[in-house]
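Quantities reported herein were computed from a predicted structural model and do not represent experimental measurements.
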Amino acid sequence: QVRLEESGGGSVQTGDSLRLTCAASGYDDSTNCMGWFRQAPDKEREGVAVLFAAGTENPYYADSVKGRFTISVDNAKNTISLHMNNLNHEDTASYYCAINKLTGPCGISWWLFQKYRFWGRGTQVTVSS
């Protein structure tokens with residue numbers, strides 16, 4: 001059974017950096033799109049960054065995080081990381097790791113959370129000014 005566990009969240013100030021890590025157990029296949037979503041109170045879950053671990057396409061990022069966040073994967077360790085720089089209040093949310101239902105690249109509809117089958121429980125990121 002696939003299990004995803006996020007870590008690395010916390011409370012920081014505007015301009016600070018954080019690194020989130022997702023440890024995947026029961027999954028050792030790099031043929032699915034995987035990455036990070038987030039959900040703030042009273043808002044829909046939104047895609048943050050995803051990648052196709054097999055490496056045949058560039059990662060996708062939400063416009064709001066481009067240039068500030070970087071997603072990476074360590075296939076040997078079965079971990080997915082999200083490096084977040086220059087955080088601001090709008091980044092405050094619970095961050096979730098996810099793996100797509102289907103094998104293959106992420107594609108242009110990568111942001112649709114309904115396409116993802118496996119989810120972690122989330123880690124909270126709070127950014128204060």
*Output all residues satisfying side chain to side chain donor-acceptor pair (under 3.5 Å) with T123, sequence neighbours left out; order by chain, then residue number.*
none
*For H83, what residues pass the side chain to side chain contact (heavy atoms under 4.5 Å, CB included) criterion, not counting sequence neighbours?*
R19, T70, S72, S81
_Qualifying residues under side chain to side chain donor-acceptor pair (under 3.5 Å), relative to N85, sequence neighbours excluded_ = S17
_Summary of side chain to side chain donor-acceptor pair (under 3.5 Å) pairs that have at least one residue in residues 96-110, sequence neighbours excluded_ = S109-K115
*For K66, what residues pass the side chain to side chain contact (heavy atoms under 4.5 Å, CB included) criterion, not counting sequence neighbours?*
Y61, D63
*Among L18, D16, V12, which residue meets the side chain to side chain contact (heavy atoms under 4.5 Å, CB included) test with V127?*
V12
*Would you find a donor on one side and an acceptor on the other, under 3.5 Å apart, between the side chain of D74 and the backbone of I80?*
no
*asked:* Any heavy-atom pair between the side chains of W119 and C97 that's under 4.5 Å?
replied: no
*To the nearest 0.5 Å, what is the distance between SG (C22) and CD1 (I99)?*
6.5 Å
*Only pairs at least two apart or in different chains count here, so list each disulfide bond (SG atoms under 2.5 Å apart) that has a residue in residues 34-94.*
none
*With sequence neighbours left out, write down each residue that passes side chain to side chain contact (heavy atoms under 4.5 Å, CB included) with E46, or none if nothing qualifies.*
R38
*Are the side chain of E6 and the backbone of G122 linked by a donor-acceptor contact shorter than 3.5 Å?*
yes
_What's the separation between atom OH in Y27 and atom CG in N78, rounded to the nearest 0.5 Å?_
8.5 Å
*If you take all heavy atoms of A23 and T79, which pair is closest and at what distance?*
CA-CG2, 4.3 Å
_Under the ring pair (Phe, Tyr, Trp, His ring centres under 6.0 Å) test, residues paired with Y116 that sit two or more places apart_ = F37
*Nearest heavy-atom neighbours spanning Y60 and I108*: OH-N, 4.0 Å
*Less than 4.5 Å apart, any side-chain heavy atom of L51 and any of M34?*
yes
*Between NZ of K43 and OG of S94, what distance do you get to the nearest 0.5 Å?*
13.0 Å
_My understanding is that only residues two or more places apart in sequence, or in another chain, count here; which of them pass side chain to side chain donor-acceptor pair (under 3.5 Å) with R68?_
D91
*Would you find a donor on one side and an acceptor on the other, under 3.5 Å apart, between the side chain of E57 and the backbone of C106?*
yes
*Residues in side chain to side chain contact (heavy atoms under 4.5 Å, CB included) contact with S11, at least two apart in sequence or another chain*: T126
_For E5, give me all partners under salt bridge (Lys or Arg N to Asp or Glu O under 4.0 Å), at least two apart in sequence or on another chain._
R3
*Under the side chain to side chain donor-acceptor pair (under 3.5 Å) test, which residues partner Q13, sequence neighbours left out?*
none
